[in-house]
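Written out below as structure tokens is the structure these notes cover.
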Amino acid sequence: VSQTNPGVGREQPGRVVVRSLAAAGPGGPGHALTQSWSLPRGVVHVWSSSLEVPPEHFEQYIETLSPDELVRAGRFRFERHRRQYIAGRGLLRHVLARYLALDPRRLHFRYGPHGKPALDDPAEARWLRFNVSNSEEAALIAVGRERELGVDLEVVRPVADIRAIAAHYFCPRERALLSIAPRERQHQLFFKYWTRKEAVLKATGDGLALPLDQIDVSGMPRATPRLLLVPDGSGVSRRLCWLDLPLPAGYAGALAIEHAS
Ligand SMILES: CC(C)(COP(=O)(O)OP(=O)(O)OC[C@H]1O[C@@H](n2cnc3c(N)ncnc32)[C@H](O)[C@@H]1OP(=O)(O)O)[C@@H](O)C(=O)NCCC(=O)NCCS
């Protein structure tokens with residue numbers, strides 16, 4: 001995992017690069033067609049951004065949304081959530097468009113059985129894999145090549161019913177480690193496990209159909225991503241890697257990537 005890298009597209013295979021979109025240079029994601037970004041094989045880019053975007057970007061983002069995305073935006077009850085959804089989709093379209101040197105309006109999404117979005121048409125975009133996560137006003141967009149991936153971001157905050165949630169979703173080892181952690185570290189540890197599990201279920205796209213309490217993500221982070229065998233309910237196990245993302249204090253984030261077989 002690297003946080004500082006001189007330029008998009010110059011990384012070595014096996015790297016996960018975390019970058020802020022605000023630092024992506026003049027024009028940010030808005031200049032989809034002027035300069036494209038490259039993504040070497042075996043590298044994953046994780047872009048972080050705020051969903052509080054300037055009004056001129058917001059207008060630009062609305063223009064790129066498809067009719068079904070606009071319908072979905074219209075269904076939000078609260079204006080704040082509507083704006084976050086529009087900003088998130090607009091950002092996603094602009095980021096993906098820069099890798100593909102396409103107009104963001106040309107991108108079409110299809111959805112898996114549990115709602116995971118993927119690029120459909122145009123055909124030249126099908127190698128690209130992505131996943132997004134939002135927490136409050138913050139967003140992460142992970143982009144890779146060919147291998148499925150999942151990302152999760154959470155603001156670390158007090159949760160009243162940690163034990164009840166852990167009893168439902170955590171495996172016995174994770175529950176035990178949580179219960180012996182010093183009280184002041186419990187929320188941090190809870191969100192560490194939570195984001196790892198969410199990243200895994202978002203990589204498979206299975207949503208809560210995945211038996212999360214049978215998946216152990218309590219291992220210590222290492223320099224290289226950790227391998228995990230994930231049962232998919234049909235008796236077949238999938239091979240994934242997960243790792244924690246280096247994020248500012250107050251956030252927890254994890255990435256899971258399909259392992260090359
Ligand atoms: C989408 C889901 C997988 C995660 O939702 P979430 O954590 O609330 O939201 P995030 O911000 O991390 O991710 C939302 C994005 O993931 C993507 N997404 C939607 N369904 C997805 C799926 N099945 N797989 C992967 N990604 C999915 C979409 O891009 C979505 O963004 P959009 O709403 O703007 O279209 C949710 O449906 C879910 O099942 N959550 C499980 C919650 C839970 O109890 N987890 C226990 C963990 S211990």
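Position 1 is the first residue of the sequence; numbering continues from there. Order of listing sets the numbers, starting from 1, for every ligand and every atom in it.
- Among residue pairs with one or both ends in residues 126-153, those qualifying as ring-ring contact (aromatic ring centres under 6.0 Å, His included) are Phe109-Phe130; sequence neighbours excluded.
- In terms of the salt bridge (charged side-chain N to carboxylate O under 4.0 Å, His left out) criterion, residue partners of Glu69 (sequence neighbours excluded) are, by chain and number, Arg89, Arg93.
- Salt-bridge annotation for Glu148 and Lys116: present, with a side-chain N of the basic residue lying under 4.0 Å from a carboxylate O of the acidic one.
- Residues Glu258 and Arg129 are not paired through a salt bridge, judged by the lack of any N-O separation under 4.0 Å between the basic side chain and the carboxylate.
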Which N or O atoms of ligand 1 sit under 3.5 Å from a protein N or O, and how far apart is each pair?
from: ligand 1; atom 1: 7 (O); to: Glu198; atom 2: OE1; distance (Å): 3.0
from: ligand 1; atom 1: 11 (O); to: Asn134; atom 2: N; distance (Å): 2.8
from: ligand 1; atom 1: 11 (O); to: Asn134; atom 2: O; distance (Å): 3.3
from: ligand 1; atom 1: 12 (O); to: Ser133; atom 2: OG; distance (Å): 2.7
from: ligand 1; atom 1: 12 (O); to: Asp152; atom 2: OD1; distance (Å): 3.0
from: ligand 1; atom 1: 12 (O); to: Lys202; atom 2: NZ; distance (Å): 2.9
from: ligand 1; atom 1: 13 (O); to: Lys202; atom 2: NZ; distance (Å): 2.8
from: ligand 1; atom 1: 16 (O); to: Lys202; atom 2: NZ; distance (Å): 3.4
from: ligand 1; atom 1: 20 (N); to: Gly115; atom 2: O; distance (Å): 3.2
from: ligand 1; atom 1: 23 (N); to: His114; atom 2: O; distance (Å): 2.8
from: ligand 1; atom 1: 23 (N); to: Gly205; atom 2: O; distance (Å): 3.3
from: ligand 1; atom 1: 26 (N); to: Asn131; atom 2: ND2; distance (Å): 3.1
from: ligand 1; atom 1: 33 (O); to: Arg72; atom 2: NH2; distance (Å): 2.9
from: ligand 1; atom 1: 35 (O); to: Arg72; atom 2: NH1; distance (Å): 3.1
from: ligand 1; atom 1: 35 (O); to: Arg89; atom 2: NH2; distance (Å): 3.0
from: ligand 1; atom 1: 44 (O); to: Tyr169; atom 2: OH; distance (Å): 3.3
from: ligand 1; atom 1: 45 (N); to: Glu198; atom 2: OE2; distance (Å): 2.5

N/O donor-acceptor pairs under 3.5 Å from side chains in residues 171-183, not counting sequence neighbours:
from: Arg173; atom 1: NE; to: Ser218; atom 2: OG; distance (Å): 3.0
from: Glu174; atom 1: OE1; to: Cys171; atom 2: N; distance (Å): 2.8
from: Glu174; atom 1: OE1; to: Lys197; atom 2: NZ; distance (Å): 2.9
from: Glu174; atom 1: OE2; to: Lys197; atom 2: NZ; distance (Å): 3.4
from: Glu174; atom 1: OE2; to: Val217; atom 2: N; distance (Å): 2.7
from: Arg175; atom 1: NH1; to: Phe170; atom 2: O; distance (Å): 2.8
from: Ser179; atom 1: OG; to: Ala176; atom 2: O; distance (Å): 2.8

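- A 6.0 Å sphere centred on CZ of Arg105 holds no more than 12 heavy atoms belonging to other residues, nucleotides or ligands.
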